[in-house]
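Chain letters run A, B, ... following the sequence lines, proteins first and then strands; every chain starts at 1.
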Amino acid sequence: MPVLTKKFVYISDLKKHEGQQVVLQGWVQNRRDSKGIVFIVLRDGTGFIQCVILEDVIGVELFDKVKRLGLESSLRITGTVKTDEKQTGGYEIQADAVEIFSEAEEYPIGKKDHGVDFLLSRRHLWLRSKKQWAIMRIRNQIIYSIHNFFQNRGFVQMDSPIFTGNAVEGTTNLFETEFFDQPAYLSQSGQLYGEAMAMAMGKIYTFGPTFRAEKSKTRRHLSEFWMIEPEMAFYDLEMDMDVIEDFIRTVVGDVIEKCKEELAIIERDLTKLETVVKPFPRILYDDAVSIIRGEKDVDGKNAIKTLEQDLENIKTRISEIKTDIEIREQSLKQAGLKKGVIAFNEEKVRQLKLELKDLEEDERNIPNWLESAKNFKRGEDFGGSDETVITRMFDTPIMVYNWPKAVKAFYMKEDAPGIAKGVDVLAPEGYGEIVGGGERETDINKLLEAIHHHQLPMEAFEWYLDLRRFGSVPHSGFGLGLERIICWVCKLPHVRESIPFPRFVGNLFP
RNA sequence: UCCUCAGUAGCUCAGUUGGUUAGAGCAUCUGACUGUUAAUCAGAGGGUCCCUGGUUCAAGUCCAGGCUGGGGAGCCA
């Protein structure tokens, strides 16, 4: 292996070195060769750059080796930074010298598309690919922005325990483990501990892992995910919603401003994100139900009719695609076609079939969603499809508040009888719930009653009740699912792509 | 747990009403090409058609049961 040097440059800094000779170190992202010339797209974690290597410059023996390098081989390239309009970054490297760290074995992730299943089983390598690189950089920006947002506003970060002796809300399945011969559970929320800390610090936020043992197999569930839970003393529900709105607007705004290259790589439609500058509609649960049931229009649009129209559009599109596929397959049967034409059409057919599969899935699902929306019973919690139905009406996140007490956690503040001062934030484009929060109950007697009613073990909550015994004050907070907001910001098809190593039922490796 | 879709080469997929020796692209290997952008072109190797049983002269294809995976419902961020 070559001797290490401190004098190397990152691809992201190349614009400072235009016309100069630099040393780059990284991995082969792609390689193309012709007689006497090799093009290597090098990646170093900060970006991608094409390097041009000539046989005349590096000599026959080394050239022969470089020409055969497998994908993801590691190397150092010394060369001159040149402007080239054809390159995405605007630069390329004319190589003067090449040193090989390691020649890679046959790389399992090829240049063509793969299924998610296969890619997840190689997640440790998949993370190197361009799109995943962009997603992980956006994830990093979101994490950074979240800390900035709260730190700039005087919130104190706290870590809540991961081993807990009780289930916070008593409803969901928890991972059971053992804590020195006692049964213990992996935390499903830092909420209650956050409340305690808010009484000590005024404003706090947690940022940590959360565990849920439900065997959910959907594109928006993980067994292990990261949650941000702020808690503020002397804040009511309205002030809570003000914070949530400011928070989401700031974080998404930061990503738009600072991740332009990454957003371009994942081909995100920015106009869909830029709407976060608009006020988020605040909708009473009661009104939301009316909208879902199609009894109340939004700006002249009816939720049920919109969804029925969506279904019609999908059916039209399905028959269009089927015709298109048939025409292309017929034309492929002709003799004497050029190879390029065949490849183009075969690829097109493949893409159309993938799209068709998704659309047919929707075609099967939407009638059920329509049925469920029309028959939605006032007093129930929203299902995933109900969220889709209502968010379809808006182009910004919406906040639905004042929920039936029965469907919310025991610690939610009761406003009018049977009404809890909770709020759910639903993201647009079908992403649904990204935030759940609300104002907390201050009255110890109502809490005692709620704990009984939910059949929770009183002794586990004694310490929590102390927060009401010693200087109870109105306070509020919320929980944000990190992976859920990443999914929406990046418009990912699946939450599994939003975290480096996803954990979900049946997936413990890598 | 229920509903639904799928399983064919290392990967992504095609395979007609059951009918010769199961195909293509990518990847790999050999060769050509001095500006390629998933480079291209010529050639080669590569198969437990998920498993078990059944129908049939004949099964990748039809039937039954099972296994594995995707999506949806429930639950939720």
Give one of base, sugar-phosphate or nothing for Glu229(A), where a contact means two heavy atoms less than 4.0 Å apart. nothing
With rounding to whole Å, what would you report as the distance between rU17(B) and rA6(B) at their P atoms? 16 Å
From C-beta outward on Phe118(A), which listed nucleotide comes closest to its side chain: rC75(B), rU12(B), rA73(B)? rU12(B)
Phe225(A) on top of rA77(B)'s base, within under 5.5 Å and under 30°? yes
Measuring to OP1 and OP2 of rG35(B), would you say a side-chain N or O of Lys86(A) lies under 4.0 angstrom away? no
Rounded distance in Å between the C1' positions of rG15(B) and rU8(B): 9 Å
rA73(B) C1' sits how many Å from Leu370(A) CG, rounded? 16 Å
Tell me whether the side-chain N or O atoms of Arg484(A) pair up with the base of rC76(B) as donor and acceptor below 3.5 Å, since no angle test is needed here. yes
Under 4.0 Å: is that the gap between some side-chain N or O of Arg68(A) and OP1 or OP2 of rU30(B)? yes
Please report, rounded to the nearest Å, how far the P atom of rU4(B) is from the CG atom of Asn368(A). 11 Å
is_close_aromatic(Phe247(A), Phe478(A)), centroid dist under 6.0 Å: yes
Please report the distance separating the C1' of rC2(B) from the corresponding atom of rA9(B), rounded so that it comes out in whole Å. 36 Å
Under a 3.5 Å cut-off for both distances, is rU1(B) Watson-Crick or wobble paired, and to whom? rA73(B)
Closest nucleotide among rC33(B), rU36(B), rA73(B) to the Thr218(A) side chain: rA73(B)
For Glu214(A) and rG74(B), what is the distance between atoms CD and C1' respectively, to the nearest whole Å? 9 Å
Is it true that Tyr205(A) and His147(A) have ring centroids separated by less than 6.0 Å? yes
Taking any strand in view, what nucleotide pairs with rU56(B) in a Watson-Crick or G-U wobble way, both distances under 3.5 Å? none
Winner on side-chain proximity to Ser216(A), out of rC75(B), rC11(B), rG70(B), is rC75(B)
In whole angstroms, how far is the C1' atom of rG71(B) from the NZ atom of Lys215(A)? 18 Å
By the Watson-Crick or G-U definition, both distances under 3.5 Å, rU12(B) is matched with rA24(B)
Would you call the rings of Phe207(A) and Trp226(A) parallel, tilted or perpendicular, taking 30° and 60° as the class edges? tilted
Using the P atom as the reference point in each nucleotide, state the distance between rU20(B) and rA59(B) in Å, no decimals. 12 Å
Which pair of non-hydrogen atoms, one from Gly79(A) and one from Ile93(A), has the smallest distance, and what is that distance? CA-CG2, 3.8 Å
Between rG70(B) and rG65(B), how far is it from one C1' atom to the other, in whole Å? 22 Å
Check: rU37(B) base within 3.5 Å donor-acceptor of Gln29(A) side chain: no
Identify whether any heavy atom of Val495(A) sits under 4.0 Å from a base atom; if not, whether one sits that close to sugar-phosphate; answer base, sugar-phosphate or nothing. nothing
State the pairing partner of rU40(B); accept Watson-Crick or G-U wobble contacts with both distances under 3.5 Å, and report none otherwise. rA32(B)
Just call it for Thr210(A): base, sugar-phosphate, or nothing, with non-hydrogen atoms closer than 4.0 Å on any strand. nothing
Select base, sugar-phosphate, or nothing to describe what Asp84(A) touches, counting heavy atoms under 4.0 Å on all strands. base
Selected nucleotide, minimal atom distance to His221(A) side chain, candidates rU37(B), rA77(B), rC33(B): rA77(B)
Sort out the partner of rG45(B) for me: Watson-Crick or G-U wobble, both distances under 3.5 Å, none otherwise. none
Glu106(A) has a side chain; which of rG70(B), rU36(B), rU28(B) sits nearest to it? rU28(B)
NZ or CZ of Lys217(A) within 45° of Phe504(A) ring axis and under 6.0 Å: no
Would you mind classifying the nucleic acid contact of Glu55(A) as base, sugar-phosphate or nothing, using non-hydrogen atoms under 4.0 angstrom? nothing
Please confirm whether the shortest side-chain N or O distance from His114(A) to OP1 or OP2 of rC13(B) is below 4.0 Å. no
Quick note, Gln87(A) side chain, CB onward, closest among rG35(B), rA73(B), rC33(B) is rG35(B)
How many whole angstroms separate atom CZ of Arg219(A) from atom C1' of rG69(B)? 15 Å
With a distance cut-off below 6.0 Å to the six-membered ring centre and an angular limit of 45° from the axis, does Arg503(A) pair with Phe225(A) as a cation-pi contact? no
On RNA chain B, more 5' by nearest nucleotide between Asp56(A) and Pro108(A) is Pro108(A)
Between Gln87(A) and Asp84(A): side-chain donor-acceptor atoms closer than 3.5 Å: yes
